[in-house]
Amino acid sequence: MSVARNRQHRLKQILVSTATTAVMALTASTATAAEGPAGTEEAHAAAEAQHRATSPGRAPLRAAEPGQVATPTFSLTAVDKKTSNLYLYFPDRQGGFDARYDVGVSFEFAAAQAEVDNDKDGYGDGTWTFTKDGLLMYTWSDDLLVETKDIGKGWTIYNKVLSPGDLGGTQDADLMAVDKSGVMWTYVGHASGLVDTRVRIGSGWNAYTEIAGQGDLTGDGKADIVARDTTGVLWLYKGTGDNKAPFEARIKVGTGWNTYNRVLSLGDLDSDGRSDLVARTTTGDLYRLSGTGNAAAPFAAPVKIGWGYNIYNLL
C-alpha cells in the first residue's frame, strides 16, 4: 500500500470517528471545547482531516506522497459576520469550491490565520491562528491526533500577518508580519509551530491594503507574494530564498485591483501545479485568478467562481 493510501486508510479508521464526535459535540451549547480558541481550532482541524479521509477523489492530481507537492491546496475559511459561525469551503480541484461545510462552532476570537503544508503532500497540516487579543496559536494534525498549543503573545502590534510558504532558513513554512508603522518582519518557522526571533526586512509596507501569496508564482521554485496599494495597483515581489532579504524589488503587474475588497491565496485551486489567487468584489462575487508561472503576467483573467461572499470575513 502506498504512503498516501496507507495514510488515508489510517485517517478513515482513526480520525473520522474522532472528527465526527468532536464536531457533533462542539455544536452543543454545553460543549467545553467550544468555550475557547483551542477547542474551536481543533474542531476546524478535525473537519479538515475528516474531509481528507472521506474524499479520496479530492487527492491532488499531481501526487499525494509526502514531499512531492510543491504547491499545496487549502480550504477557504469563512466566518459569518453576523453570527460568527465558522464555515469551510473545500476546493473541488477544478478551480472552485464544493458547497460550504458548517463546522458548527463560533469563531469570534480570530483576527487572522495562516495555513501551512510542511510535509508537502498537497494538504494543510498546520495552522497558525492570531487571536484578537494578540495570542499566536498553532494547531497541528497528523494521522493520529489534533493538537493546539500557544506559541507567544503580543501579536497585536501587527495589522497584517501571513505565511507565503518557505522563505528560506528551513524547509518549513515561515511567517511574515507588517507592524502598524509599516515595517515588515519575518519569522523563520518550524514544523512544531515555533518561530525564531524576528528579522526586520524593511519599512513602507503600510502602503498596501492587501498582501497575499502561497508558494511560487513565477516558476522558479521560490515563495513569492503580491501586494495591492491604495490606488489599486498590484505589485509582485519575487522570492529570493534568503529569509533575511526574502524579496527582490517589486514589479508592477496590474491595475484596477480596487475592484476587490479581499485578495488572498489558497495555493493551487485548479490542479495545474501553480499557485492562484482568490479575490472578492465589493458586491460579494468571488473570482479565481489562475497562476501562469510568468513573472511579467503572473495571473490569467479572472473567472467567477461564486457570489454572496460579502456575508463573510474571509481568513
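The structure presented is a predicted model; accordingly, all values stated were derived computationally and were not measured.
- The ring-ring contact (aromatic ring centres under 6.0 Å, His included) contacts involving residues 259-283 comprise Trp257-Tyr260, where partners must be two or more places apart or lie in separate chains.
- The shortest distance between side-chain heavy atoms of Gln113 and Phe130 does not fall below 4.5 Å.
- Applying the ring-ring contact (aromatic ring centres under 6.0 Å, His included) test to every pair with at least one member in residues 272-295, sequence neighbours left out, gives no pairs at all.
- Grouping the Ile, Leu, Val, Met, Phe, Trp and Tyr side chains by contacts below 4.5 angstrom, directly or via other members, places Val263 with Ile251.
- Under 3.5 Å, the side chains of His190 and Asn118 contain no donor-acceptor pair of N or O atoms.
- Contact detail for Glu248 and Gly239: the closest heavy-atom pair is OE2-O, 4.4 Å.
- A distance of 12.5 Å separates OG1 of Thr83 from NZ of Lys81, quoted to the nearest 0.5 Å.
- Looking at Thr240, its side chain does come within 3.5 Å of a backbone N or O of Ala245 through a donor-acceptor pair.
- Atom CG of Asn159 sits about 8.0 Å away from atom CG of Asn206, to the nearest 0.5 Å.
- In this structure, Val116 and Ala173 approach most closely via the heavy-atom pair CG1-CB, 3.4 Å.
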| said: Between Val195 and Trp128, does the side chain to side chain contact (heavy atoms under 4.5 Å, CB included) criterion hold? Intermediate values first, please. | reply: CA-CA 11 Å; Val195 294; Trp128 279 299; 3.8 Å; yes
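- Remark: Leu194 CG to Tyr138 OH distance equals 9.5 Å, nearest 0.5 Å.
- Grouping Ile, Leu, Val, Met, Phe, Trp and Tyr residues whose side-chain heavy atoms lie under 4.5 Å apart, directly or via other members, places Tyr237 in a hydrophobic cluster with Leu162, Leu167, Met176, Val178, Met184, Val199, Ile201, Trp205, Tyr208, Ile211, Ile225, Val233, Trp235, Phe247.
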| said: For Val103 and Leu88: C-alpha separation, side-chain torsions, deciding distance, then whether side chain to side chain contact (heavy atoms under 4.5 Å, CB included) applies. | reply: CA-CA 7 Å; Val103 181; Leu88 294 176; 3.8 Å; yes
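- Looking at Asp242 and Lys244, no side-chain N of the basic residue comes within less than 4.0 Å of a carboxylate O on the acidic one, giving no salt bridge.
- Within 6.0 Å of atom NZ in Lys149, more than 12 heavy atoms from other residues, nucleotides or ligands are found, so the atom counts as buried in its surroundings.
- With values rounded to the nearest 0.5 angstrom, Phe90 atom CZ is found 5.5 Å from Ser75 atom OG.
- A distance of 7.0 Å separates CG in Leu135 from NZ in Lys153, rounded to the nearest 0.5 Å.
- Between Ser163 and Leu175, the shortest heavy-atom distance links the atoms CB-CD2, 4.1 Å.
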| message | Before you tell me yes or no, could you show the steps for Leu314 and Arg280 under side chain to side chain contact (heavy atoms under 4.5 Å, CB included), namely the whole-Å CA-CA distance, both residues' side-chain angles and the distance that decides it to 0.1 Å? | response | CA-CA 9 Å; Leu314 301 180; Arg280 181 184 64 186; 3.8 Å; yes
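- At distances below 3.5 Å, at least one donor-acceptor pair connects side-chain atoms of Asp229 with backbone N or O atoms of Thr231.
- With a 4.5 Å cut-off on side-chain heavy atoms, Thr255 and Leu234 do not count as touching.
- Under the 4.5 Å side-chain heavy-atom criterion for grouping Ile, Leu, Val, Met, Phe, Trp and Tyr, Val278 is not connected to Val253 through any hydrophobic cluster.
- In this structure, the side chains of Tyr87 and Asp80 come closer than 4.5 Å at one or more pairs of heavy atoms.
- Summarising the geometry of Ser275 relative to Ser265, their closest heavy-atom pair is OG-OG, 3.4 Å, with the distance given to 0.1 Å.
- Using a 4.5 Å cut-off between side-chain heavy atoms of Ile, Leu, Val, Met, Phe, Trp and Tyr, with links allowed through other members, Val188 and Ile151 fall into different hydrophobic clusters.
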Name each donor-acceptor pair under 3.5 Å that joins a side chain in residues 290-312 to protein atoms two or more places apart or in another chain, with its distance.
residue : atom : partner : partner atom : Å
Ser290  : OG   : Asp270  : OD2          : 2.7
Ser290  : OG   : Arg288  : NE           : 2.8
Thr292  : OG1  : Asn294  : N            : 3.1
Thr292  : OG1  : Ala297  : O            : 2.6
Thr292  : OG1  : Pro298  : O            : 3.3
Asn294  : OD1  : Ala296  : N            : 3.0
Asn310  : ND2  : Thr283  : O            : 3.4
Tyr312  : OH   : Tyr89   : OH           : 2.8
Tyr312  : OH   : Arg100  : NH1          : 2.6

| request: Show the numbers, then the answer: is there a ring pair (Phe, Tyr, Trp, His ring centres under 6.0 Å) between Trp155 and Tyr187? | output: CA-CA 12 Å; Trp155 287 75; Tyr187 291 81; 4.8 Å; yes
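- With hydrophobic clusters built from ILVMFWY side chains whose heavy atoms lie under 4.5 angstrom apart, Leu277 shares a cluster with Leu217.
- Contact detail for Leu315 and Ala110: the closest heavy-atom pair is CD1-CB, 4.4 Å.
- Note on residues 167-179: pairs passing side-chain hydrogen bond (donor to acceptor under 3.5 Å, both in side chains), not counting sequence neighbours, are Asp179-Ser181, Asp179-Trp185.
- Ser84 places no side-chain N or O within 3.5 Å of a backbone atom of Ser106 that could act as its donor or acceptor partner.
- Counting heavy atoms from C-beta outward, Leu266 and Asp276 have side chains that stay 4.5 Å or more apart.
- Across all their heavy atoms, Thr73 and Asp268 have their closest contact at OG1-O, 2.5 Å.
- Taking hydrophobic clusters as Ile, Leu, Val, Met, Phe, Trp and Tyr residues chained together by side-chain heavy-atom distances below 4.5 Å, Leu286 does not share a cluster with Leu289.
- Panel note: side chain Asn85, backbone Phe107; no donor-acceptor pair is recorded below 3.5 Å.
- Among residue pairs with one or both ends in residues 216-228, none qualify as salt bridge (Lys or Arg N to Asp or Glu O under 4.0 Å); sequence neighbours excluded.
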| request: Could you check Gln214 against Phe74 for side chain to side chain contact (heavy atoms under 4.5 Å, CB included), going step by step and ending with a plain yes or no? | output: CA-CA 10 Å; Gln214 183 51 249; Phe74 299 125; 3.4 Å; yes
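- Taken from OG1 in Thr259 to CG in Asp285, the straight-line distance is 11.5 Å, to the nearest 0.5 Å.
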